[in-house]
Structure formats: C-alpha cells, structure tokens
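Single-structure report; data block below.
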Amino acid sequence: MYDLLVVGAGPYGLSIAAHAASAGLNLRVLGRPMASWRAHMARGMYLKSEPWASNLAAPDGRWRLDAYCAAAGLTARHAEPIPVETFAAYGLWFARNAVPEVDERMVSRVSAGPVGFEAVTEDGEVLRARTVALAVGVMPFTQVPAVLRGLRPALVTHSSDHHDLGRFRGMDVTVIGGGQAALETAALLAEQGTRVRLLARAEQLRWNDVPPPLRRLWWQSARTPHSGLGCGWRNWFYAERPGLFRRLPEATRTRVAATALGPAGAWWVRDRVEPVVETMLGREVVAARAVPGGVRLETVSRTGEPSFLDTEHVIAATGFRATRDRLGLLSEELRASLTTTSDGAPAVGPTFESSCHGLFLAGLLTASTFGPAMRFVHGATFTATTLVRGVRHRLRTATPPARAIPAPLGRRHAEAP
C-alpha cells in the first residue's frame, strides 16, 4: 500500500510529487505528464504568466524554468512571453529530474477502500493508498454556454479541444469570450487566414499593461509591487498569501475567485487582435441552431436589441468551472461525501484536505478557498509544500481514511476538517 497516490501529472501533480518524494513518502504518480499543455492548447500560444512566476516546485528550488531554458539554449526573460511548447517541454524535463517515474496510465475511478483508498487504472489494475492527492487540472471542468451544448462537435467546440487550428483555414469561425484564451485563439485563426470574429458580453475588451521592469526605484516597487499574478498590492496578496486569503469570509473568497484577474488579454496579443479581428461586443448568445453550412446564433445586446449571425463553427473560449459534481473520477459515494463551498466547489481545510480524511485536492478545485493563485502555475509552490505537510500529518495520526458518508442534503462548509 502506498502512502500517497498523486492523480494527475500537470504542474500541480508534479510539484506535489517532487515534495512528497523529498519527504520520503512511498508514492505513485499517475497520468500523462503535462497532457493539457501538450494536447489542449493551440500550437502557437504563449504563457501569459511571467517566466519567473511559472516555475514548478521542487523542495530545494532546483529545476526552475530559467534553468531549463539555459540548458536548452533558450531565454526566459521578464516581459518576454514563453511559448506553450517550451513550457510543456520544461514540465517533462522537471518530471524526469525531480519526480519518481510517472505511471502514464490514466485513473478511471477513485473510491474509499477498507483502509485508505483504491484507484482503478484505465487497464483495470487496482492500486491502494492511505492518502490520495487529486491534481486533475482543468480539463474535467470545461464550461460551454448552455445554449450551445445541444449542438454537435462539428459545429461547436471548446477552445481546449484544439491543439491544431489548421482545420479552420479558409472557414468562417466565431469565437465566444473576452479572456486570454478567446483573444489568442482569434489572433491565431486570423493569422492563418480564417475569417474570424469575436463575440463577447463585455462592452469593451480589457488588456493587461506591459509589466514594469523588475528592478525599479524603491518607491515604485513599494507602490505597485511585482507578484506572480501581476503588479499591485491586491495581486500580491492573492499570489503570495493564499494561506491568509483562506481566512476571508466565504462569500468574499468565492466572489474574488470568480471575478479577479479577468477576463483580460495579455499586452502582447493586443496588436494581433484589434486591427484584424471583427468584434461584436456587448452581446450575449441566447439561442443557437444548426443550419445548412453551420450554425445560426441569435444574440441580444444589453439594451435588448436582437440580431442573427450565421457562422460555420463556434469556438467557446468560455473557461472552466470546477465543482464537486463534475469530479466524475470519484465514486458516487465518495463524491457525495465531500462538503462544498457556496459555489459548488469542494471545501478544503488549511492543508488542502477535503472533508473526506486522506483525500487532498489541488489546483482550480481549490480556488474558492485559497484564491486566484490556484488558477495559475504560480500557486503550485504553496500547494505542494502545504499539501505534503498535510499528508504527512494525516499519515502520522493514523486515522483510517473516511468511509465515505454522504453529507446532508444542502450542507455546506467554508472549511473541511
């Protein structure tokens, strides 16, 4: 029986595994390393975060992104975006050097066992562990507007469905959304000759400013400090003090997690969008149906003015929503045992442990508790150090992991024990 199973091998899973291995835990890591970065982000995209804020977490501070870039003959400089392909390759390099060998099989089910947990791999093997860390990334939580969900994938897809946008050359495509994924997808489509338009509810697009130099006069740094989530004291708090963020009232935490830092585009994509991409702002899709040659979208402005639009394909760059009910990886009994915050996300305690003792959660699932940093790679360092500390505490207490007991209907907790 393992001390810890890490389910997921993206930035959070690999960082947790590196810290667990350093702590001497008997662990197994399952999942395809950096899978979403390698297969679910369009070729040609860049990392929005600064290179220095995009490190995976090893306990000794080694295996940083700048070290990988130096070894590979690449650069990692402030205010110069890193290609997604480079970041994915960095994650694979980190996995080879900082983590025990990754079992690339996917996990199909996690359930509570007689002692601890049982995980079933895609080929049917059952693995047992005293604790489990779910670091499943964002792909289970893709969000497509309800009015589009009934249309077949030939007509409507999510932005994360595409690694190669080449299939849309010469077509008419409508991208829905106003955040970085929508803007960069639209730019890439335009650059390859696709007739593309951007449709968003916002009245105007928002763009992040060019970041100031890392080295500035002391008073400039004091007024607007740098952080892993951008400049300013508010962003610094979100990025650097997630443990304190957890102490805010639940209503404040869930509101900030849902609204902070977006939607907005990176400064370096602005000139690739505004001059060439048609924009339809201040409009919401209220109906959609298949028509010969594509999709007809019915939209309404904020003043109630209707309009119709025909397009060959719709790409919904509409983000992700992490809730307990979308954790299909967990058995029904185990999933029902998890208490939630007011937005439907699983509640976690100060060490990322859920209400089911021994089951730990990481990444986007925990943004409602620990804040916006959990939506970015930057949050992996705090998560890995804190979560592994919680795992070691759980192993020391020797409390048998919970036999899943469904929470009372409607029960919610801001924190789990």
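- Nearest heavy-atom pair across Trp268 and Gln180 is CH2-NE2, 3.3 Å.
- Taking each heavy atom of Asn208 and Ala264 in turn, the nearest pair found is ND2-CB, 3.8 Å.
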### Task
Could you check Ile315 against Leu189 for side-chain contact (heavy atoms from CB on, under 4.5 Å), going step by step and ending with a plain yes or no?
CA-CA 11 Å; Ile315 297 178; Leu189 288 168; 4.1 Å; yes

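- Ring geometry for Phe87 versus Tyr90: interplanar angle of 30 to 60°, hence tilted.
- The shortest heavy-atom contact between Ala112 and Leu334 is N-CD2, 4.2 Å.
- Side-chain contact between Trp207 and Glu274 is present, with at least one heavy-atom pair separated by less than 4.5 Å.
- Atom CZ of Arg77 is surrounded by 12 or fewer heavy atoms from other residues, nucleotides or ligands within 6.0 Å.
- Judged purely by distance below 3.5 Å, without hydrogens or angles, the side chains of Glu284 and Thr299 never pair a donor atom with an acceptor atom.
- Residue Ile16 is tested with Val99, Leu387, Thr385 for a side chain to side chain contact (heavy atoms under 4.5 Å, CB included); the sole match is Leu387.
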### Task
Give the C-alpha distance, both sets of side-chain angles, the deciding distance and a yes or no for side-chain contact (heavy atoms from CB on, under 4.5 Å) between Met106 and Arg32.
CA-CA 7 Å; Met106 301 300 288; Arg32 298 185 180 98; 3.0 Å; yes

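- Side-chain contact between Arg197 and Leu309: present, with at least one pair of heavy atoms (C-beta onward) separated by less than 4.5 Å.
- Under the 4.5 Å side-chain criterion, counting only non-hydrogen atoms from C-beta, Arg223 is not in contact with Trp218.
- Side-chain contact between Pro11 and Met34 is present, with at least one heavy-atom pair separated by less than 4.5 Å.
- Between His313 and Phe168, the ring-plane angle classifies as tilted under the 30° and 60° cut-offs.
- How far CZ of Arg302 is from CG of Leu281: 10.0 Å, rounded to the nearest 0.5 Å.
- Inter-residue side-chain proximity for Val84 and Trp37 is flagged as met; some heavy-atom pair is nearer than 4.5 Å.
- Remark: of the listed residues Leu327, Thr340, Thr339, Leu327 is the sole one forming a side chain to side chain contact (heavy atoms under 4.5 Å, CB included) with Pro346.
- Taking the six-membered ring where the residue is Trp, His226 and Trp52 present perpendicular rings, their angle passing 60° and hence far from 30°.
- More than 12 heavy atoms of other shown residues, nucleotides or ligands fall within 6.0 angstrom of atom CZ in Arg28.
- Two residues are said to be in side-chain contact when any heavy atoms from C-beta on lie closer than 4.5 Å; Thr366 and Leu364 fail this criterion.
- Ring planes of Trp236 and Trp233: perpendicular class, angle over 60° (limits at 30 and 60°).
- In summary, the side chains of Asp343 and Thr341 do present a donor paired with an acceptor at a separation below 3.5 Å, with no hydrogens or angles considered.
- Residue Tyr68 qualifies as enclosed at atom OH: its count of foreign heavy atoms under 6.0 Å is above 12.
- Side-chain atoms of Thr174 and Thr311 form a donor-acceptor pair, as typed in the model, at a separation below 3.5 Å.
- For the residue pair His378/Glu240, the side-chain donor-acceptor check at 3.5 Å is satisfied.
- Listed here is the closest heavy atom pair of Cys356 and Leu338: CB-CD2, 4.0 Å.
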### Message
Walk me through whether Ile176 and Val314 qualify under side-chain contact (heavy atoms from CB on, under 4.5 Å).
### Response
CA-CA 7 Å; Ile176 297 178; Val314 176; 3.6 Å; yes

Show me, pair by pair, the donor-acceptor contacts under 3.5 angstrom made by side chains of residues 135-154, not counting sequence neighbours?
residue	atom	partner	partner atom	Å
Gln143	OE1	Arg326	NH1	3.3
Arg149	NE	Val144	O	2.7
Arg149	NH2	Val144	O	3.0

### Query
Would Asp3 and Val391 satisfy side-chain contact (heavy atoms from CB on, under 4.5 Å), going step by step from the backbone distance to the final call?
CA-CA 9 Å; Asp3 293 329; Val391 168; 5.8 Å; no

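- Side chain of Arg335 to backbone of Leu330: a donor-acceptor contact under 3.5 angstrom is found.
- Using a 4.0 Å cut-off between charged nitrogen and carboxylate oxygen, Arg128 and Glu118 count as a salt-bridge pair.
- A 6.0 Å sphere centred on CZ of Arg272 holds more than 12 heavy atoms belonging to other residues, nucleotides or ligands.
- Here the closest non-hydrogen pair linking Ala322 and Ala345 is O-CB, 3.6 Å.
- When side chains are defined from C-beta on, Phe245 counts as touching Phe237, because their heavy atoms get closer than 4.5 Å.
- In this structure, CZ in Phe360 is found 6.0 Å from OG1 in Thr131, a value given to the nearest 0.5 Å.
- Between atom OH of residue Tyr12 and atom OG1 of residue Thr381 there is a gap of 8.5 Å, rounded to the nearest 0.5 Å.
- Looking at Thr194 and Gln192, their side chains do bring a donor and an acceptor atom within 3.5 Å of each other.
- With a 4.5 Å cut-off on side-chain heavy atoms, Leu5 and Leu27 do not count as touching.
- Atom CD of Gln204 sits in a sparse spot, with 12 or fewer heavy atoms from other residues, nucleotides or ligands closer than 6.0 Å.
- Residue Arg392 places its CZ atom among 12 or fewer non-hydrogen atoms of other residues, nucleotides or ligands, all under 6.0 Å distant.
- A salt bridge links Asp123 with Arg105: the closest approach of a Lys/Arg side-chain nitrogen to an acidic carboxylate oxygen falls below 4.0 angstrom.
- A 6.0 Å sphere centred on CD of Glu332 holds no more than 12 heavy atoms belonging to other residues, nucleotides or ligands.
- Here the CZ-CZ distance, from Arg241 to Phe382, works out to 10.0 Å after rounding to the nearest 0.5 Å.
- A pairwise comparison of heavy atoms in Trp267 and Pro211 identifies NE1-CD, 3.3 Å as the closest pair.
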